[in-house]
Peer 1: 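Pasting a structure here, questions to come.
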Number of protein chains: 2
Amino acid sequence: MPRSEPGSRDGPVGIKQVAQLAGVSPGTVSNVLNKPERVAAKTRARVEQVIKELGFVRNGSAASLRAGHGRTIGLMMLDLGNPFFTEMARGVEDLMSEREYGVILCGSASQVGREQRNVRMLAEQQVRGVLVTPVSDSGESLARLRERNIPSVMLDHAATRSDQCSVTVDDVAGGRLAVAHLLERGARDIVFVGGPLTTRQNADRRAGARKALREAGCGTLREVIVDEMTPRAGHEAAEHLLAELPDAVFCANDLLAMGVLRVLLQQGVRVPGRVMLIGYDDIEYALASAIPLTSIRQPPYKLGRIAAELLLDECEHPGSHAHQQIMFQPELVVRESTS
Amino acid sequence: MPRSEPGSRDGPVGIKQVAQLAGVSPGTVSNVLNKPERVAAKTRARVEQVIKELGFVRNGSAASLRAGHGRTIGLMMLDLGNPFFTEMARGVEDLMSEREYGVILCGSASQVGREQRNVRMLAEQQVRGVLVTPVSDSGESLARLRERNIPSVMLDHAATRSDQCSVTVDDVAGGRLAVAHLLERGARDIVFVGGPLTTRQNADRRAGARKALREAGCGTLREVIVDEMTPRAGHEAAEHLLAELPDAVFCANDLLAMGVLRVLLQQGVRVPGRVMLIGYDDIEYALASAIPLTSIRQPPYKLGRIAAELLLDECEHPGSHAHQQIMFQPELVVRESTS
DNA sequence: CTGTTAGCGCGTTCAA
DNA sequence: TTGAACGCGCTAACAG
């Protein structure tokens, strides 16, 4: 089945056809595409005209084969079901789209195996670089990328190596902020509800929470650890709480908090009257929940954009690129669930 | 800077190195990769062993250049800020990941221009096929894909052509369901709050709403049309409503409804006591909102998965593939906002 | 079942 | 500033 192009005869439109019709050599067309400044304005205009007429589109695979990498980057997200991460993805996609890069999206669903399979796939696709929100301490995946000289930026996870960029928010500070707030509001018996502690986010937020308690000289932190960080897991966690209601609950993310809130209200527990509740991430929907949720705000869209910029800088200027570990400070947003 | 591979000398590990070490020809290695059944089990095992040892990863660009297409598909979403679409994306990503395809994610943000730019980029990347949630009647983009023989499946938009697959939910039925429910609950003065009517979803849902009114022999539908389908736009819409409160509000999606709800409650309007409210999509967060939202349920994850399957079927079996226009029926989920 | 060979379409180099 | 020739790594087609 031959391809047909508007305004021309059959056959694939390649750089050669363009060259012929414009009366130049293929090499010149290539220069118009990649280094326009090196081509005389007049020649360039003519070539560009022909490109438009023929509806020519460069074959990315060929370019990529020659150059050793293409105009795509990989984006590996921990949890595509969480608006925090999809907002981050949106930030990445927006920037990459502006810079005319494609984004290959992968979800690891918090599983090391999936992360590794996906990294392998990205390497096959000859991506220019990779953005990763890593599963636990997944040095393995990053090492593979390094072996292959594929630049990477860690997202929502601080790099320990100085030859690696990362963009994060201080989760220990966030956990501390949350619990300090609860203490200030008079809570003493506080429960931390979180996902697996192998996930850095959970571990750090809990560490921050403990720190706040220590600083205040108060008792210890009760904990309920569940498998996932979803509203459903929040329901489950809340069942455990009902036996012995605490003064306050600090959830490791808003999705958990929404689940907890739902069960508490269903059981007739007053929030914040009987139990105060605080979440994490400040996703847009937390604001709209039954009792507007106090939360710790992070700027996911911005994190995504900045990480994307760092990655492209490293890809396109490997010489002058300076690795950075950027860490934002989270912010407490007080709403009704703790007032 | 030479690449170094674990357990081997410098230099890129290509199919040739593998062939040499395994004592076979490059062609055989290629067959092990692409058509394993055509290779003797013993030879295959040996080759696979060497592949592992050398940490060989196939160069996708070269494969793609040779074959004319790669192992990626494009995913073009109308609105990456809406959980309905990101859930759909998750469905697509899950299936493609199982089938070892990469997904290049693009957002059109409801702009025809961005859609076209992205389609062009996808063509450059030599994607095997494309999934699109189209902006208005964006025949242009789809036509370009057809010219280039790139299969596509329309998502959340019914195909009119029989040479095109699509996976949708019946939005006219959904709109009708919503308004019939409101009428049954005793509402008479009903307002439709929606985004631009050039977007099919808005137009269809409104059409369904009108149909329900006609069938019931009731009056006409008041309308508030806003620019976007976000909570923020919902706020704006709600301001217009305050001047003359209706009996009920039907929002074209849950994000709008959440925005409307927020303003109504702030202004002390009882929901559903004074005004009933119904949304659309039944995103997970609608359940957790201040007044749990009655909504029209659609199965986004499933839509994504099914569309992805259809697309791969068309890509991999162009001969036997039968185009399908699949339409799901939406479902009314009654919650507190209309009780 | 396995080996051999000829490009895929572009970017790059070097000479004109 | 432009043109001609070469080859990136792989797959398809055919020969053995």
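Below, read A as the first sequence line, B as the second, and so on, with proteins coming before strands; counting in each chain starts at 1.
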Peer 1: Sort out for me which residue in A:Val119, A:Leu122, A:Val130 forms a side-chain contact (heavy atoms from CB on, under 4.5 Å) with A:Ser141.
Peer 2: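 Result for side-chain contact (heavy atoms from CB on, under 4.5 Å) with A:Ser141: A:Val119.
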
Peer 1: Given A:Leu155, which of A:Leu311, A:Leu303, A:Thr168 fulfils the side-chain contact (heavy atoms from CB on, under 4.5 Å) condition?
Peer 2: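 When side-chain contact (heavy atoms from CB on, under 4.5 Å) is applied between A:Leu155 and each of A:Leu311, A:Leu303, A:Thr168, only A:Leu303 qualifies.
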
Peer 1: Can you run down the salt bridge (charged side-chain N to carboxylate O under 4.0 Å, His left out) pairs that involve residues 89-111 of chain A, sequence neighbours left out, and say none if there aren't any?
Peer 2: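 For residues 89-111 of chain A, and leaving out neighbouring residues, the salt bridge (charged side-chain N to carboxylate O under 4.0 Å, His left out) pairs sorted by first residue read A:Glu87-A:Arg90, A:Glu93-B:Arg114, A:Asp94-B:Arg114, A:Glu98-A:Arg305.
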
Peer 1: Run the side chain to side chain contact (heavy atoms under 4.5 Å, CB included) check on B:Val132 and B:Leu142 step by step: do they pass?
Peer 2: CA-CA 9 Å; B:Val132 202; B:Leu142 291 163; 4.1 Å; yes

Peer 1: To the nearest angstrom, how far is A:Lys42 atom NZ from D:dT2 atom C1'?
Peer 2: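 Checked: the NZ to C1' distance equals 15 Å.
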
Peer 1: Any chance you could list the contact pattern along nucleotides 5-11 of chain D? Use B for base contacts, S for sugar-phosphate-only contacts and - for none, protein heavy atoms under 4.0 Å, 5' to 3'.
Peer 2: --BBBBB

Peer 1: Would the distance check show the side chain of B:Ser166 and the main-chain N or O of B:Ala159 forming a donor-acceptor pair, the cut-off being under 3.5 Å?
Peer 2: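 Checked: pair present.
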
Peer 1: Give the rounded distance in Å between these two atoms: NE2 of B:His69 and P of C:dC8.
Peer 2: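 From B:His69 NE2 to C:dC8 P: 17 Å.
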
Peer 1: Quick check on C:dC1: is either OP1 or OP2 less than 4.0 Å from any side-chain nitrogen or oxygen of B:Thr43?
Peer 2: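 No, outside the criterion.
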
Peer 1: Does the side chain of A:Ser61 get closer than 4.0 angstrom to OP1 or OP2 of C:dC8 through an N or O atom?
Peer 2: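 No, outside the criterion.
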
Peer 1: Rounded to whole Å, how long is the line connecting atom CZ of A:Arg46 with atom P of D:dT1?
Peer 2: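 Taking atom P of D:dT1 as the reference, CZ of A:Arg46 is at 15 Å.
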
Peer 1: As a quick check of understanding, evaluate side chain to side chain contact (heavy atoms under 4.5 Å, CB included) for B:Gln125 and B:Ser64, giving each step before the final call.
Peer 2: CA-CA 9 Å; B:Gln125 307 292 347; B:Ser64 167; over 6 Å; no

Peer 1: Tell me the interatomic distance from A:Arg71, atom CZ, to C:dC10, atom P, rounded to whole angstroms.
Peer 2: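 One finds 16 Å between P of C:dC10 and CZ of A:Arg71, rounded.
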
Peer 1: Short question: side chain of A:Asn118, backbone of A:Gly107 - any donor-acceptor pair under 3.5 Å?
Peer 2: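 Pair found, side chain donor or acceptor close to backbone of A:Gly107.
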
Peer 1: Ignoring hydrogens and angles, tell me if any N or O in the side chain of A:Asp313 forms a donor-acceptor pair with the backbone of A:Glu309 under 3.5 Å.
Peer 2: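 Side chain of A:Asp313 to backbone of A:Glu309, a donor-acceptor pair under 3.5 Å: no, none is there.
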
Peer 1: Please state how far atom CG in A:Leu54 lies from atom C1' in C:dG9, giving the value in whole angstrom units.
Peer 2: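 My rounded result for the distance is 15 Å.
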
Peer 1: So what is the end-to-end bend of the helix from C:dC1-D:dG16 to C:dA16-D:dT1, with 5 pairs used at each end and the value given to 10 degrees?
Peer 2: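 End axes: 30° apart.
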
